[in-house]
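Working notes, structure below.
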Amino acid sequence: MPENGDITFHTRKWVRPEDLNANGTLFGGSLLRWIDEEAAIYAIVQLGNGRAVTKYMSEINFVSSAQQGDLIEMGLTATHFGRTSLTMRAEVRNMFTRRSILTIDKLVFVNLGEDGQPAPHGYTEITYERDRVPRQHLEG
Ligand SMILES: CCCCCCCCCCCCCCCC(=O)SCCNC(=O)CCNC(=O)[C@H](O)C(C)(C)COP(=O)(O)OP(=O)(O)OC[C@H]1O[C@@H](n2cnc3c(N)ncnc32)[C@H](O)[C@@H]1OP(=O)(O)O
């Protein structure tokens, strides 16, 4: 059952020494790299296209810090299917306390055609399956 305003939390990360900043807390750049990758995978599954690129990120709110050894989880949900774009909302939180660590209200990815230009994706709703992924990526 979806929770927290329909955000589904997918990937969990363990905060390691190499992810820390000079204050000994989680480096914001690591967090953004993880969330961008997570959003790219989410967009690829929703749009069924490996050619989806980050277009826009709204304000990023670093709500609270994470410490070495914390387990965190990253959540995303699609909030708008445009003609060629997909808008998502993101949240990162502590896995056990559920304290929010980061929120991004709008993360926009654009679906590209083979020519590298924006292309209509034709979708209007979230899928919770793998039904949009081309068959060759599903065959082992
Ligand atoms: C299937 C299974 C395969 C699996 C196997 C593959 C695995 C393979 C993994 C690879 C994973 C890659 C992960 C990539 C994640 C990166 O890191 S991508 C790199 C960073 N991003 C970039 O380099 C993009 C650079 N920007 C561009 O190239 C151009 O801006 C773009 C994206 C082509 C768009 O061009 P544009 O002229 O802005 O296009 P335009 O038609 O005006 O707008 C397109 C859409 O964006 C919206 N938009 C434009 N500007 C804005 C804005 N400021 N704010 C909000 N929305 C906006 C428009 O409203 C429009 O949306 P729709 O109304 O059509 O829905």
Side-chain angles (χ1 to χ4, degrees):
M1 185 73 169
E3 48 180 307
N4 200 21
D6 287 327
I7 281 192
T8 311
F9 288 86
H10 297 277
T11 301
R12 293 159 175 184
K13 289 273 188 189
W14 176 42
V15 179
R16 296 166 184 263
E18 59 267 32
D19 301 316
L20 302 182
N21 59 32
N23 291 324
T25 60
L26 176 58
F27 181 52
S30 297
L31 203 44
L32 290 178
R33 181 161 54 84
W34 296 341
I35 203 76
D36 189 40
E37 184 176 335
E38 189 74 10
I41 295 167
Y42 186 96
I44 286 169
V45 170
Q46 294 301 323
L47 304 177
N49 180 8
R51 289 171 179 256
V53 289
T54 318
K55 173 64 189 174
Y56 173 82
M57 275 192 202
S58 71
E59 289 131 34
I60 298 158
N61 186 353
F62 289 96
V63 182
S64 67
S65 59
Q67 321 290 325
Q68 182 178 339
D70 281 352
L71 291 174
I72 65 171
E73 54 188 4
M74 296 186 280
L76 286 161
T77 191
T79 54
H80 178 69
F81 284 82
R83 196 177 79 90
T84 66
S85 68
L86 172 66
T87 304
M88 293 161 269
R89 184 158 53 85
E91 177 167 12
V92 179
R93 68 183 186 185
N94 183 292
M95 194 178 132
F96 296 118
T97 65
R98 302 206 162 176
R99 186 175 181 202
S100 188
I101 293 168
L102 166 145
T103 58
I104 306 174
D105 270 351
K106 274 189 175 182
L107 243 162
V108 179
F109 272 64
V110 174
N111 182 68
L112 301 183
E114 287 193 357
D115 58 358
Q117 295 303 309
H121 49 65
Y123 296 111
T124 55
E125 299 209 350
I126 297 177
T127 180
Y128 295 96
E129 309 297 332
R130 297 286 176 271
D131 54 320
R132 296 174 189 171
V133 177
R135 287 205 63 81
Q136 74 264 25
H137 294 287
L138 297 174
E139 286 159 4

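Start at 1 and go down the list; that is how both ligands and their atoms are numbered. Residues: numbered from 1 along the sequence shown.
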contact_flag L112 ligand 1 heavy-atom lt 4.0 Å: yes
Whether A52 lies under 4.0 Å from ligand 1, heavy atom: yes
I'd like to check [X] versus [Y] (side-chain heavy atoms, cut-off strictly below 4.5 Å). Are they in contact?
X    : Y    : answer
I101 : D70  : no
L86  : N111 : no
E18  : F27  : no
S65  : L26  : no
I72  : W34  : yes

Answer yes or no for [atom]: protein heavy atom present at a distance under 4.0 Å?
atom                    : value
atom 18 (S) of ligand 1 : yes
atom 27 (C) of ligand 1 : no
atom 37 (O) of ligand 1 : no
atom 23 (O) of ligand 1 : no
atom 6 (C) of ligand 1  : yes
atom 64 (O) of ligand 1 : yes
atom 59 (O) of ligand 1 : no
atom 31 (C) of ligand 1 : no

Just which atoms of ligand 1 are under 4.0 Å from any heavy atom in [X]?
X    : result
G82  : 65 (O)
D36  : 17 (O)
P134 : 1 (C)
G48  : 1 (C)
R83  : 62 (P), 64 (O), 65 (O)
G50  : 1 (C), 3 (C), 6 (C)
A40  : 13 (C)

Protein residue, atom and distance nearest to [atom], heavy-atom basis:
atom                    : result
atom 55 (C) of ligand 1 : V108 CG2, 3.8 Å
atom 53 (N) of ligand 1 : Y56 CD1, 3.7 Å
atom 46 (O) of ligand 1 : V110 CG2, 3.3 Å

So, taking the atom named [atom1] in [X] and the one named [atom2] in [Y], what distance separates them when rounded to the nearest 0.5 Å?
X    : Y   : atom1 : atom2 : result
M88  : F81 : CE    : CZ    : 9.0 Å
Y123 : R83 : OH    : CZ    : 15.5 Å
T97  : L71 : OG1   : CG    : 10.5 Å

Exercise: do D36 and T54 side chains pair donor with acceptor under 3.5 Å: yes
Using only atom types and a distance under 3.5 Å, with no angle test, would you say the side chain of [X] pairs donor to acceptor with the backbone of [Y]?
X    : Y    : answer
T87  : T79  : no
H121 : V110 : no
Y42  : A78  : yes
Q46  : I126 : no
N94  : A66  : no
N23  : T25  : no

Taking the minimum heavy-atom distance to [atom], which of [options] ranks first?
atom                    : options         : answer
atom 2 (C) of ligand 1  : L107, I44, V53  : I44
atom 41 (O) of ligand 1 : G116, P118, S85 : P118
atom 20 (C) of ligand 1 : L47, T84, T54   : T54

Nitrogen or oxygen of N49 less than 3.5 angstrom from that of ligand 1: no
Any N or O of K55 closer than 3.5 Å to N or O of ligand 1: yes
